[in-house]
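Computed from a predicted structure; not experimentally measured.
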Amino acid sequence: MNKKKLLIVLSIIVVLIVLLVYGKKAGWFGKTGNFKEVSVTKIEKIDIIEKVSATGKIQPEVEVKLSSEVSGEIIDLPVKEGQQVQKGALLVRINPDIIQSGLTRSQATLENVRAGLRQAEATLKESKLNYERNKGLFDKGVISKAEWDKAISAYEGAEAAKQSAYYNVRSAQATVNEAKDNLNRTSIYAPMTGTISKLSVELGERVVGTQQMAGTEIIRVANLNNMEVVVDVNENDIVKISIADSTIVEVDAYLKKKFKGIVTEIANSAESTTSADQVTNFKVKVRILEESYADLTEDKPDNYSPFRPGMTATVDIITDKRQNVIGVPISSIVVKNDTSNVKEQLSKDPIIKDTDKKFECVFVKDGETAKLRVIKTAIQDDSNIEVTSGLQVGDEVITGPYNVVTKILKNGDKVISETEAKSKK
């Protein structure tokens with residue numbers, strides 16, 4: 001008897017379970033059987049900040065790379081990397097012995113050609129006197145035409161010899177001046193007040209001059225008080241950026257700290273790339289504003305900088321900002337082809353124009369129905385996009401699940417919000 005009752009009870013339980021499952025699907029209760037569960041966001045006015053993000057390296061705004069114009073051995077190197085120097089301070093001295101020898105030789109050559117010039121002047125003076133004397137004799141018929149022609153030729157030859165000697169002197173003088181300049185170039189002085197940001201050589205090393213080839217870089221002097229970040233911006237984003245745009249700079253060395261910056265330079269030409277993906281980037285320079293890191297320089301020397309050349313930084317360039325506007329999550333936007341209800345909305349909204357076969361749309365929850373709404377969008381940030389037409393405050397926009405919004409949901413489908421579904425369950 002007990003077994004019979006047990007079988008009856010189990011049968012009843014199975015029947016109830018079947019009825020519950022079937023009734024739920026049929027919509028007898030819970031009201032979710034033929035309804036799609038969706039996430040809903042009620043439209044409110046928000047602030048949207050459009051940004052372009054890029055990564056780059058910190059460098060000084062002004063950094064001078066110094067190389068020697070003459071080749072030779074470094075015999076004096078009175079500075080160290082990181083040292084502060086004043087404009088005009090001696091940085092490097094190259095061994096001047098060979099250049100000094102060349103200067104002495106060129107000076108001797110100059111004196112030799114000057115003596116030649118004096119000799120040519122004396123010869124010209126003698127030829128001129130002889131020319132004038134023979135002219136009077138020729139006019140009186142004392143000398144023949146052949147002797148007169150010889151006197152003329154000697155005078156003109158003496159004039160040409162003097163002219164040649166004069167230009168030889170100028171050439172020798174130029175050689176002496178060049179040798180003096182080269183001798184002066186053996187000493188390199190600081191072109192500006194700043195910091196030795198990089199020292200590439202050691203005392204005793206030999207360097208190659210820059211007169212006929214790319215010389216050896218010896219030293220860099222930089223102003224570390226004004227630092228900038230050089231970032232690569234994709235061609236799709238470069239058109240959004242303008243000079244003087246505000247930026248937020250995050251430096252890897254200073255976690256959870258943000259610095260203010262400003263765009264100071266935008267490249268006109270793209271950087272050449274040899275990568276397989278052929279990405280086209282443009283260089284953008286962002287100055288880090290000193291007031292944003294004033295707390296890091298307290299109790300530090302006047303020329304102290306918390307940044308070092310080569311540090312990695314991430315820059316968010318603020319390209320546009322809208323306050324108190326209608327915006328929706330980007331995940332709610334779907335692109336649809338022309339439909340009947342789109343045509344109907346196009347006829348009512350003059351802002352939205354039928355210029356394309358595809359339209360940006362969102363699904364709006366109207367009671368228990370999902371309705372497709374054509375919208376016009378503007379700027380966007382990481383999560384929201386501005387809607388300039390098609391929605392108003394208080395509308396309930398369906399934002400998810402993503403797969404349902406983009407692929408499954410259709411105009412006129414029955415929907416229920418996740419909150420309502422949970423309460424029904």
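Taking each heavy atom of Phe282 and Asn268 in turn, the nearest pair found is CE2-O, 3.9 Å. Here the shortest heavy-atom pairing between Thr175 and Ser106 reads CG2-CB, 3.7 Å. Considering every non-hydrogen atom in both Ala270 and Thr280, the closest pair reads CB-CG2, 3.5 Å. Closest heavy-atom contact between Gly82 and Thr195: O-CG2, 3.6 Å. Minimum interatomic distance between Ile238 and Val233 (heavy atoms only, all atoms of both residues): N-CG1, 3.8 Å. What you find for Ala378 and Thr388 is that their closest heavy atoms are CB-CG2, 3.9 Å.
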Would Leu103 and Lys180 count as a side chain to side chain contact (heavy atoms under 4.5 Å, CB included) here? Give the steps.
CA-CA 6 Å; Leu103 174 60; Lys180 287 181 178 179; 3.6 Å; yes

Stepwise side chain to side chain contact (heavy atoms under 4.5 Å, CB included) check, Ile318 with Thr247
CA-CA 6 Å; Ile318 300 174; Thr247 67; over 6 Å; no

Output, in order, the C-alpha distance, side-chain angles, deciding distance and verdict of side chain to side chain contact (heavy atoms under 4.5 Å, CB included) for Val230 and Gln59.
CA-CA 7 Å; Val230 181; Gln59 68 178 27; 3.3 Å; yes

What's the verdict on side chain to side chain contact (heavy atoms under 4.5 Å, CB included) for Val364 and Ile398, showing C-alpha distance, side-chain angles and the deciding distance?
CA-CA 6 Å; Val364 177; Ile398 299 173; over 6 Å; no

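In this structure, the side chains of Val207 and Ile218 come closer than 4.5 Å at one or more pairs of heavy atoms. By the 4.5 Å heavy-atom criterion applied to side chains, Cys361 and Arg373 are not counted as neighbours.
Within a 6.0 Å radius of CD1 in Ile98, other residues, nucleotides and ligands contribute 12 heavy atoms or fewer. Around atom NZ of Lys135, no more than 12 heavy atoms belonging to other residues, nucleotides or ligands sit under 6.0 Å away. The neighbour count for Glu73 CD, taken as heavy atoms of other residues, nucleotides or ligands under 6.0 Å away, is above 12. Heavy-atom neighbours of Tyr304 OH from other residues, nucleotides or ligands within 6.0 Å: above the threshold of 12. Counted within 6.0 Å of CZ on Phe138, heavy atoms from surrounding residues, nucleotides or ligands total more than 12; the atom is thus considered enclosed. Around atom NZ of Lys257, more than 12 heavy atoms belonging to other residues, nucleotides or ligands sit under 6.0 Å away. Other residues, nucleotides and ligands place more than 12 heavy atoms under 6.0 Å from the CG atom of Asp139. No more than 12 heavy atoms of other residues, nucleotides or ligands shown are found within 6.0 angstrom of CZ on Arg308.
Side-chain contact check for Lys57 and Thr312: at least one donor-acceptor pair (N or O, by modelled atom type) lies under 3.5 Å. Looking at Thr377 and Glu360, their side chains do bring a donor and an acceptor atom within 3.5 Å of each other. For the residue pair Gln380 and Glu50, no side-chain donor N or O sits within less than 3.5 Å of a side-chain acceptor on the partner. For Asn130 and Asn134, the side-chain atoms include at least one donor-acceptor pair closer than 3.5 Å.
Among Thr41, Val40, Ile43, Val415, the single residue meeting the side-chain contact (heavy atoms from CB on, under 4.5 Å) criterion with Glu396 is Val40.
Checking side-chain atoms of Thr109 against main-chain N and O of Ala172 turns up no donor-acceptor pair under 3.5 Å. With hydrogens and angles ignored, the 3.5 Å screen pairs no side-chain donor or acceptor of Lys162 with any backbone N or O of Ser164. Listed for the Asn411 side chain is a donor-acceptor partner under 3.5 Å among the backbone atoms of Leu372. Using a distance-only test at 3.5 Å, with no hydrogens or angles considered, a donor-acceptor pair links the side chain of Ser305 to the main chain of Leu224. No donor-acceptor distance shorter than 3.5 angstrom exists from the side chain of Ser332 to the backbone of Val328, with no hydrogens or angles considered. Side-chain atoms of Glu156 never come within 3.5 Å of backbone atoms of Ser153 as a donor-acceptor pair (strictly under, hydrogens ignored). Although no hydrogens or angles enter the test, the distance criterion places a donor-acceptor pair under 3.5 Å between the side chain of Asp245 and the main chain of Ser242. Proximity of a side-chain donor or acceptor of Asp381 to a complementary backbone N or O of Asn384 within less than 3.5 Å is detected.
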Under 3.5 Å, side-chain donor or acceptor atoms of residues 111-125 against the rest of the protein: list the pairs with distances, not counting sequence neighbours.
| from | atom 1 | to | atom 2 | distance (Å) |
| --- | --- | --- | --- | --- |
| Glu111 | OE2 | Arg114 | NH1 | 3.1 |
| Arg114 | NH2 | Gln173 | OE1 | 3.0 |
| Thr123 | OG1 | Gln119 | O | 3.0 |

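Between atom CG of residue Leu391 and atom CD1 of residue Ile375 there is a gap of 5.5 Å, rounded to the nearest 0.5 Å.
In this structure, the ring of Phe307 has its center less than 6.0 angstrom from the ring center of Phe259.
Under the rule for a side-chain hydrogen bond (donor to acceptor under 3.5 Å, both in side chains), Glu81 has no partner lying at least two apart in sequence or in another chain.
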